[in-house]
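This report concerns only the one structure given below.
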Amino acid sequence: MEDRFSLLLSLRTPDSFMVFGEFGIGDDPLAAAVLFDSLQGNEAPSGTALLHVDLMEKDGLLPVKVRTKCCCLNELAANCKLITREVFRQKNLKAYEE
């Protein structure tokens, strides 16, 4: 089963933004929002932002962009670590929480 929420990683190219990675982060809207809020970066659009993390939600078959954070390379690295840790926790430790 596909995740309802995902985080897309994209970088600015001369023409547009190109997606280069995606994290499936589950089906819980609250958990997705909490994870996105904990990411480093700025939600205010910036013309100089080269890297974006987009919170996506599948509405039926179509993905819809919910929110975006602009970040630098160091922030993206920290975000990838945080996302990986949270996805691991959700997928592997869920049985211990119930």
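Looking at residues two or more places apart in sequence or on another chain, you find a side chain to side chain donor-acceptor pair (under 3.5 Å) between Glu57 and Arg4. The side-chain contact (heavy atoms from CB on, under 4.5 Å) test applied to Asp37 returns Arg67, not counting sequence neighbours.
Both cation-pi conditions hold for Lys69 and Phe36: the charged atom is under 6.0 angstrom from the six-membered ring centre and inside a 45 degree cone around its axis.
Not one N or O on the side chain of Asn79 forms a donor-acceptor pair closer than 3.5 Å with the backbone of Leu39. In this structure a side-chain-to-backbone donor-acceptor pair under 3.5 Å is present from Asp28 to Leu30. Of the possible polar contacts, none joining the Glu86 side chain to the Ile83 backbone as a donor-acceptor pair under 3.5 Å is found. Without hydrogens or angle criteria, Asp54 side chain to Met56 main chain gives no donor-acceptor distance under 3.5 Å.
The cluster map of Ile, Leu, Val, Met, Phe, Trp and Tyr, joined by side-chain heavy atoms under 4.5 Å apart, puts Ile25 and Leu62 in different clusters. Residues Phe5 and Leu82 are members of one and the same hydrophobic cluster, defined by side-chain heavy-atom contacts under 4.5 angstrom among Ile, Leu, Val, Met, Phe, Trp and Tyr. Both Leu35 and Leu9 belong to a common hydrophobic cluster when Ile, Leu, Val, Met, Phe, Trp and Tyr are linked at side-chain heavy-atom distances under 4.5 angstrom. Val66 and Phe17 fall into different hydrophobic clusters, where Ile, Leu, Val, Met, Phe, Trp and Tyr residues are linked whenever their side-chain heavy atoms come under 4.5 Å apart, directly or through other members. Connection of Phe20 to Val53 is established within a shared hydrophobic cluster, with ILVMFWY side chains joined at heavy-atom distances below 4.5 Å, either directly or through further cluster members.
Lys58 NZ to Asp3 CG: the interatomic distance, rounded to the nearest 0.5 Å, is 8.0 Å.
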*asked:* Is there a side-chain contact (heavy atoms from CB on, under 4.5 Å) between Leu51 and Cys70? Walk through the geometry before answering.
replied: CA-CA 6 Å; Leu51 301 166; Cys70 306; over 6 Å; no

*Step by step, work out the side-chain contact (heavy atoms from CB on, under 4.5 Å) result for Leu50 and Leu11.*
CA-CA 6 Å; Leu50 299 177; Leu11 57 92; 6.0 Å; no

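When all heavy atoms are compared, the tightest approach of Ala32 to Leu55 is CB-CD1, 4.3 Å. Shown here for Ala31 and Gln90, the closest heavy-atom pair between the two residues is CB-NE2, 4.0 Å.
Screening residues 8-25 for side-chain hydrogen bond (donor to acceptor under 3.5 Å, both in side chains), with sequence neighbours left out, gives Ser6-Glu22.
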